[in-house]
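Residues: numbered from 1 along the sequence shown. Every value quoted in this text rests on a predicted model; they were computed, and no experiment measured them.
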Amino acid sequence: MSQLPQTMPAVAHFKNLPVENPESLVDTTLPVPQPKARDLLVQVEAVAVNPVDYKIRQSSDPGGEPKVLGWDAAGTVVAVGEGVESFQVGDEVFYAGAIDRPGANSLFHVVDERIVGHKPTSLSFAEAAALPLTSLTAWEGLFEHLGLHNDALKQTGTLLVTAAAGGVGAMVSQLARALTSLTVIGTASRPETAEFARRFGAAHTVDHREPLVPQVREIAPDGVDFVFSTAATQRNLAAYADFVKPFGHIVAIDDFDQLEIGLLKSKSIAFHWELMFTRSLHQTADLAEQGRILDQVARLVDAGILNTTATTDLGKINAANLREAHRILESGKAIGKVTMAGF
């Protein structure tokens, strides 16, 4: 640690402001953090932006103190804390981090080794940074909540994925195509998003601006077995109740005020939440499962089975580019993932 600088560049927000305000995200200088037990100190090479970033920027009030966002990163380990077992200085890593700790929009970042994966060797840092949060969300949703098996290529059925051109939707479709024999129906509303969804694993696409029931029933007259709802769950629940088969499963990741869950009772449809940060927030006994998932994702990427979903490279990691990334995501028209690399 003695050879590292004492301070570092970072991007933070000090109060919740609209993204158009240049003070909503600010370039600043902060002390280099110190790794605690089981922590890695990572020199951040690239980051990606997710909806969680702008949601926290909009809703939290740091009270004038710098709050660093950013929960997708790739970089190089430069120091390790006591008890670290799986990494050493010089290792290239990728991870999403923990929402109750500072984010990764800084030159150096500390993260628990148990939620870190070895970076895919075939990808650049920016391409790798696009993957952790969405791949963990997709993997946990598919193989832990929906009860699918990640080596069951004989497992058949139909899976509906909403917003299939988004970061999570594209990873869900890729994993389902690669590791199961499910037929994937993706929702998309524009020709370019429909094409992206098909490229990343959707066998069919439907327009989520139009009523879903007749479109889905035309493709799957008997209904679908599973729904991975990344957006508009509250609005679409009645449609799900219509076309999900008896004893089917829905997993949701979005936010809403209330849900008429009783609509699912007559078919005994199971409803699941997926929050990628649950393991780190609650320090669950299986916390290290996230590191294992990321290592498996890296192996699948290096084998050419999965692809990065990085689509928009905004250049250096700075406040102006991060504000632009937030603006893109807030527009609801993002395709794939927005990344930045270097300070």
Between NE2 of His326 and CG of Asn50, what distance do you get to the nearest 0.5 Å? 9.5 Å

Just by distance, do the side chain of Ser229 and the backbone of Ala252 share a donor-acceptor pair under 3.5 Å? no

Going by side-chain contact (heavy atoms from CB on, under 4.5 Å), Leu146 matches just one of Leu159, Val227, Leu182. Which one? Leu159

Checking Asp207 against Ser189: is there a side-chain donor and acceptor pair closer than 3.5 Å? no

Which atoms form the tightest heavy-atom contact between Ala138 and Leu175, and what is the distance? CB-CD1, 3.8 Å

Establish, from distance only, whether the side-chain atoms of Gln174 and Arg177 form a donor-acceptor pair under 3.5 Å. no

Counting N and O atoms only, with roles assigned by atom type, does the side chain of Asn236 sit under 3.5 Å from a partner on the main chain of Ala232, one being a donor and the other an acceptor? yes

Can you give me the closest heavy-atom contact between Phe277 and Ile99, atom names plus distance? CD2-N, 3.5 Å

What heavy-atom pair brings Ala96 and Pro132 nearest, and what distance separates the two atoms? N-CB, 3.6 Å

Find out whether the Lys NZ or Arg CZ of Lys119 is both under 6.0 angstrom from the six-membered ring centre of Phe125 and within 45° of the ring's axis. yes

Output yes when a side-chain donor or acceptor of Arg198 lies under 3.5 Å from a complementary backbone atom of His204, and no otherwise. no

Looking at Ala220 and Ile185, what are the two nearest heavy atoms and their distance? CB-CD1, 4.5 Å

Closest non-hydrogen atoms of Gly157 and Asp225, given as atom of the first, atom of the second and distance, are CA-OD2, 3.2 Å

Does a donor on one side chain sit under 3.5 Å from an acceptor on the other, for Glu140 and Gln290? yes

Do you know the tightest heavy-atom contact between Thr205 and Ala194? CG2-O, 3.8 Å

Between Asp91 and Gln88 (side chain of the first, backbone of the second, donor and acceptor by atom type, cut-off under 3.5 Å), is there such a pair? yes

Would Ile115 and Leu287 count as a side chain to side chain contact (heavy atoms under 4.5 Å, CB included) if you check the C-alpha gap in whole Å, the side-chain angles of each, and the deciding distance to 0.1 Å? CA-CA 7 Å; Ile115 58 175; Leu287 179 62; 3.5 Å; yes

I need the Leu179 CG to Gln296 CD distance, nearest 0.5 Å. 7.5 Å

Can you confirm whether the side chains of Ser60 and His13 place a donor and an acceptor under 3.5 Å from each other? yes

Decide yes or no on side chain to side chain contact (heavy atoms under 4.5 Å, CB included) for Val301 and Thr121, but give the supporting numbers first. CA-CA 9 Å; Val301 169; Thr121 59; over 6 Å; no

Between His145 and His249, does the ring centroid distance fall short of 6.0 Å? no

Looking at Gly291, is its backbone amide N or carbonyl O close enough to the side chain of Arg114 to form a donor-acceptor pair, meaning the two atoms are under 3.5 Å apart? no

Parallel, tilted or perpendicular: ring planes of Phe271 versus Phe256, cut at 30 and 60 degrees: perpendicular

Sub-3.5 Å donor-acceptor pair from the side chain of Asn321 to the main-chain atoms of Lys316, do we have one? yes

For the aromatic rings, using the six-membered ring if either is Trp, is the centroid distance between His118 and Phe94 under 6.0 Å? no

With hydrophobic residues grouped by side-chain heavy-atom distances under 4.5 Å, do Val338 and Ile335 end up in a single group? no

Which of these, Phe228, Trp139, Phe200, sits in a side-chain contact (heavy atoms from CB on, under 4.5 Å) with Val172? Phe228

